[in-house]
Amino acid sequence: MNKLLTLTLAVAATFSVLSSAQASDFPIKDKPITIIVPFTAGGPTDRVARDLAESLRKPLGASAVVIENAPGAGSSIGANKVAKASPDGHTLLLNHIGMATIPTLVRSVPFKVETDFEYLGMINEVPMTLVSKPTLPAKNYKELVTWIAANKGKINLGNAGIGSASHLCGLLLQTALQTDMTTIPYKGTSAAMNDLLGGQIDLMCDQTTNTTGQIEAKKINAYAVTTTKHLTIPALKDLPTLQESGLKGFEITIWHGLYAPKGTPPEIVKKINDALKVALKDPEFIKKEEGLGAIIISDKRVEPAEHKKYVASEIAKWSPIIKAAGVYAD
Ligand code: ASP
């Protein structure tokens, strides 16, 4: 055996011993697990992470699961932070459909969704709702369409930045209604919701986990849901779907998943995935999420490989739609 090969094998053996040692020590005592949320605190992605934290901490045996918000650029900033983090299982990313839309929407995204992450499993699916500021006069979808036509060029639509779910939904809406609105990007839809409540923006399309409370309290107007079926939760059950309201083929459902930096040892990936499966069955977590219209994943997409396949299928689904809408950012 030549010297170089011997050295290479020795280094590889050292790394594999190190990686299994790291894996058996995981989670490191007294070192919290940090879940990076790539949007502002108080919004729907943040809510999933905070709802999940304790349900995940217990089966993982971690000292703490803390949430860190790293918002901006439609989730790219937070996702990039995790892509470049130490692959020791202590820094994770909780992100949404942006994982599948960013590769098409943003030309210079500084990471690769397909290869820079270990996929840990899918968490939930969440419908979206089309909502408006409280003072907007339209009281149902039909009146909204009339109002939109009468206010061409004057309408502000809030979103959480290019590549976000609200951006994608707004894009589909403008395409379907053949109208242009001025999009106002925020770093998350909790911030956008504040301005919707205050009347600084007119419209928004956002996850039910951010809008249900405000709809229930009658603080904003709600016009339709983006799913193909009606929702069952009391505050939203009377809302029509956008499809039946006349927007043929309109369907968008948001999902959330959990990711670790590429190179996280497979034993750690398995430990986190095992804990995630327990967390997704925690009645407390289910109650918090399903009460706001989310559906917790109970099918094979909780498996890392299946979630990865699903994200790839979402990239394939959304890429031509986004390209046809012609929206790109650098
Ligand atoms: N709902 C946001 C979006 O539009 C993200 C967030 O604030 O959670 O993507």
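As the structure lists them, so they are numbered: ligands from 1, and atoms in each ligand from 1.
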Fill in: Pair Glu68 + Lys81: basic N to acidic O under 4.0 Å
yes
Discussion item. Looking at Lys270 and Glu267, is any side-chain nitrogen of the basic one under 4.0 Å from a carboxylate oxygen of the acidic one?
Written reply: no
Discussion item. Quick one, Glu118 with Lys308, criterion salt bridge (charged side-chain N to carboxylate O under 4.0 Å, His left out). Give me CA distance, side-chain angles, the key distance, then yes/no.
Written reply: CA-CA 9 Å; Glu118 303 295 342; Lys308 193 166 184 179; over 6 Å; no
Discussion item. Using a plain distance cutoff, I'd like to know if Asp46 has any nitrogen or oxygen under 3.5 Å from a nitrogen or oxygen of ligand 1.
Written reply: no
For [X], counting its heavy atoms only, list the atoms of ligand 1 lying under 4.0 Å from any of them.
X: Ala165; answer: 3 (C), 4 (O), 9 (O)
X: Pro44; answer: 1 (N), 6 (C), 7 (O), 8 (O)
X: Gly188; answer: 7 (O)
X: Thr189; answer: 1 (N), 2 (C), 4 (O), 5 (C), 6 (C), 7 (O)

Worksheet item: Taking the minimum heavy-atom distance to atom 4 (O) of ligand 1, which of Ala192, Gly163, Gly98, Ser166 ranks first?
Response: Ser166
Discussion item. Please classify the His167 to ligand 1 contact at 4.0 Å (heavy-atom distances, strictly less than): side chain, backbone, both or neither.
Written reply: neither
Item to complete: Heavy atoms only: give me the nearest Val82-Ala260 pair and the separation to one decimal.
Response: CG1-C, 4.4 Å
Worksheet, complete the sentence: When every non-hydrogen atom of Phe250 is compared with those of Cys169, the smallest separation belongs to CZ-O, 4.0 Å
Worksheet entry | Check: Lys139 main-chain N/O paired with Glu143 side-chain donor or acceptor under 3.5 Å | yes
For [atom], find the nearest protein heavy atom and state the residue, atom name and distance (0.1 Å precision).
atom: atom 1 (N) of ligand 1; answer: Gln207 OE1, 2.5 Å
atom: atom 8 (O) of ligand 1; answer: Thr45 OG1, 2.6 Å
atom: atom 9 (O) of ligand 1; answer: His96 NE2, 2.6 Å

Discussion item. For His307 and Tyr259, take the angle between the two ring planes, folded into 0 to 90°, and tell me which bin it lands in: parallel under 30, tilted 30 to 60, perpendicular over 60.
Written reply: tilted
Item to complete: Please report the C-alpha distance between Glu125 and His256 in whole Å, then the side-chain angles of each, then the deciding distance to 0.1 Å, and finally whether the side-chain contact (heavy atoms from CB on, under 4.5 Å) criterion is met.
Response: CA-CA 7 Å; Glu125 287 182 306; His256 296 92; over 6 Å; no
Discussion item. Can you tell me if Asp206 contacts ligand 1 (heavy atom of the residue under 4.0 Å from the ligand)?
Written reply: yes
